[in-house]
Asks: 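Below is the structure I would like to discuss, written out as C-alpha cells.
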Amino acid sequence: MRFAVTMKRQPRLSPRSNKALRTVSIIGTGSYVPEKILTNADLSRMVDTSDEWITTRTGIKERRIAAKGEDTSDMAAKAARKAIEQAKISPKEIDLLLVATATPDMLFPATACFVQKKIGATNAACLDISAACAGFLFALEIAQQFITSHTHDTVLVIGAEKLTSITNWTDRNSCVLFGDGAGAAVLRHRGSAHGVISTHIGSDGQYTDILFMPGGGSRCPITRENVDMHLATIHMSGKEVYKQAVTAMLNAAKKALDQAGLSIEDIACVIPHQANLRIIEAIADRLGISSDKMFVNLDRYGNTSAAAVAIALDEANRSGRIKRGDYVLMVVFGGGLTWASTILEW
Ligand code: UT7
C-alpha cells in the first residue's frame, strides 16, 4: 500500500499557537568526510571487480572510509560544527536535533544524543530518523513542520552514515557502492521569502525485501552464526532497486514541482541522491533537464545513504554552485522503500 504525505507552504494558522505558520530557511550547512580513501583499484584487489566495471556501471571512482574508532556521531558532530559556524549561532540555541541514519552508533540511545554531547547542544530535544537514504529529507520535512508550527525555533538536521560498518566486503554486487560521511544543515524561521517552499515524503512497505539488513535487530539478534552468514550487512537486489529508484525519484520530483507551482525550467540545480550516475542521468533525461544542472559528487564519495544529499547540499552551497534566489530541487530514494523531494529558494 502506498502512503504519502505532502506539505506546501501556505498562509495557515498553527493549531498549537494560533499564530500564522512560518517560513523556514536553511541558515548554515556543513559536511565532513573521513580522510581515508578507498579507490576502485583498491577494491579490485579485494573482490573480483575492476575500475572499468565500477566506473561504467555506477560512476563511482573512490569512497571514504571512517577511521578505526570514528563513529557515525563523530562524523555527524564534525559536519554539525561547520553548519553551526556558518549559521553564526551558539549550539545552545538549537532546540531540536535530528540525525538521519541507517548506521547509528548503537540501537539506542539515539545517535542524536551522542551528537548533542559532542557539540554542546544542551537545550535540544534529540532523536534519530530511520528512512534509509531518504532520511535527510525526511528530517528536513520534520524540522520544517516543527518550526512552521512554532513548537521549535532552531533545528539542526544531520545525515550521517558509517555504511562501511555494515558492508559485506565479499559481495562485489554491493561493496563497491558505499562510503562514509556526514552533512548538516541549521534551519530557522527567517521571515523572508527564501527557504523551504515545497516538500514531499512517501513510502512503500511492499519492497522491504529489496534493500535491507536482516540481522542486528530484534527479529534476528546478532549471534556468531548470523555474523558468519553476513546477516548484519546490507542485502540488496540491485536491478530491482535501480528500477524503483528511477520511478520513485521521478514522481517525487514532479510532486514537489507541482506543489511549488514551478516547472523544471525554473530549477537552477538538482541535488539528487548520490547512488548511481546512470540513475541520475535517467532522471535528468525524463525530467527534461540538462545533465549539467544535476549536482554529482558520487565519483568521490560513492553512496553515503542519508549523508549523500546533505554533503552535496553543503558542497553546492560553499562552492557557489547554488546562489541566492536559485530554486534548488533535492530528490532522494532509499530502502523501505522511502522517497522524498524538497524545493528550496536559496
Ligand atoms: O541508495 C540506494 C542503494 N542502492 C542502489 O541505488 C543500487 C541501484 N542499483 C544499481 O546501482 C545497479 O543495479 C548496480 C550498480 C548495483 C549493478 O549494475 P547492473 O548494471 O544492474 O549490473 P547487474 O547487477 O545486472 O550485473 C551485471 C553483471 C553480472 O554478471 P553476469 O551475471 O552478467 O555475468 C554481475 O555478476 O555484472 C556483474 N557484477 C560485477 N562485475 C564486476 C556485479 N557487480 C560487479 C562488480 N564488478 N562489482
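Whatever order the structure lists ligands and atoms in, that order sets their numbers, starting from 1. Quantities reported herein were computed from a predicted structural model and do not represent experimental measurements.
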Asks: Does ligand 1 have any N/O pairs with the protein under 3.5 Å, and how far apart?
Replies:
{"from": "ligand 1", "atom 1": "1 (O)", "to": "His273", "atom 2": "NE2", "distance (Å)": "2.9"}
{"from": "ligand 1", "atom 1": "1 (O)", "to": "Asn303", "atom 2": "ND2", "distance (Å)": "2.9"}
{"from": "ligand 1", "atom 1": "9 (N)", "to": "Gly238", "atom 2": "O", "distance (Å)": "3.0"}
{"from": "ligand 1", "atom 1": "11 (O)", "to": "Asn276", "atom 2": "ND2", "distance (Å)": "2.7"}
{"from": "ligand 1", "atom 1": "13 (O)", "to": "Gly238", "atom 2": "O", "distance (Å)": "3.2"}
{"from": "ligand 1", "atom 1": "18 (O)", "to": "Arg278", "atom 2": "NH2", "distance (Å)": "3.4"}
{"from": "ligand 1", "atom 1": "20 (O)", "to": "Arg57", "atom 2": "NH1", "distance (Å)": "2.9"}
{"from": "ligand 1", "atom 1": "20 (O)", "to": "Arg278", "atom 2": "NH2", "distance (Å)": "2.9"}
{"from": "ligand 1", "atom 1": "21 (O)", "to": "Lys239", "atom 2": "NZ", "distance (Å)": "3.2"}
{"from": "ligand 1", "atom 1": "22 (O)", "to": "Arg57", "atom 2": "NH1", "distance (Å)": "3.4"}
{"from": "ligand 1", "atom 1": "25 (O)", "to": "Lys239", "atom 2": "NZ", "distance (Å)": "2.8"}
{"from": "ligand 1", "atom 1": "36 (O)", "to": "Arg172", "atom 2": "NH2", "distance (Å)": "2.9"}
{"from": "ligand 1", "atom 1": "37 (O)", "to": "Trp53", "atom 2": "NE1", "distance (Å)": "3.2"}
{"from": "ligand 1", "atom 1": "41 (N)", "to": "Trp53", "atom 2": "NE1", "distance (Å)": "3.3"}
{"from": "ligand 1", "atom 1": "41 (N)", "to": "Arg172", "atom 2": "NH1", "distance (Å)": "3.4"}
{"from": "ligand 1", "atom 1": "47 (N)", "to": "Thr49", "atom 2": "OG1", "distance (Å)": "2.6"}
{"from": "ligand 1", "atom 1": "48 (N)", "to": "Thr49", "atom 2": "OG1", "distance (Å)": "3.1"}
{"from": "ligand 1", "atom 1": "48 (N)", "to": "Arg172", "atom 2": "O", "distance (Å)": "2.9"}

Asks: By the definition side chain to side chain donor-acceptor pair (under 3.5 Å), identify the one residue from Thr304, Asn40, Thr167, Asp180 that meets it with Arg63.
Replies: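 The residue from Thr304, Asn40, Thr167, Asp180 that satisfies side chain to side chain donor-acceptor pair (under 3.5 Å) with Arg63 turns out to be Asn40.
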Asks: For the hydrophobic clusters of this structure (ILVMFWY residues joined by side-chain heavy atoms under 4.5 Å, transitively), does one cluster hold both Ile289 and Leu277?
Replies: yes
Asks: Could you work out, with salt bridge (charged side-chain N to carboxylate O under 4.0 Å, His left out) as the rule, every residue matching Arg172, not counting sequence neighbours?
Replies: Asp48
Asks: Of all residues at least two apart in sequence or in a different chain, which pass the salt bridge (charged side-chain N to carboxylate O under 4.0 Å, His left out) check with Asp95?
Replies: none
Asks: Assess, by modelled atom type and distance only, whether the side chains of Thr29 and Asn317 contain a donor and an acceptor separated by less than 3.5 Å.
Replies: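 There is such a pair between these side chains.
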Asks: Among pairs that include at least one residue of residues 231-242, which meet side-chain hydrogen bond (donor to acceptor under 3.5 Å, both in side chains), considering only residues two or more places apart or in two chains?
Replies: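 Every side-chain hydrogen bond (donor to acceptor under 3.5 Å, both in side chains) pair that includes a residue of residues 231-242, provided the two are not neighbours, is Glu240-Lys243, Glu240-Gln244.
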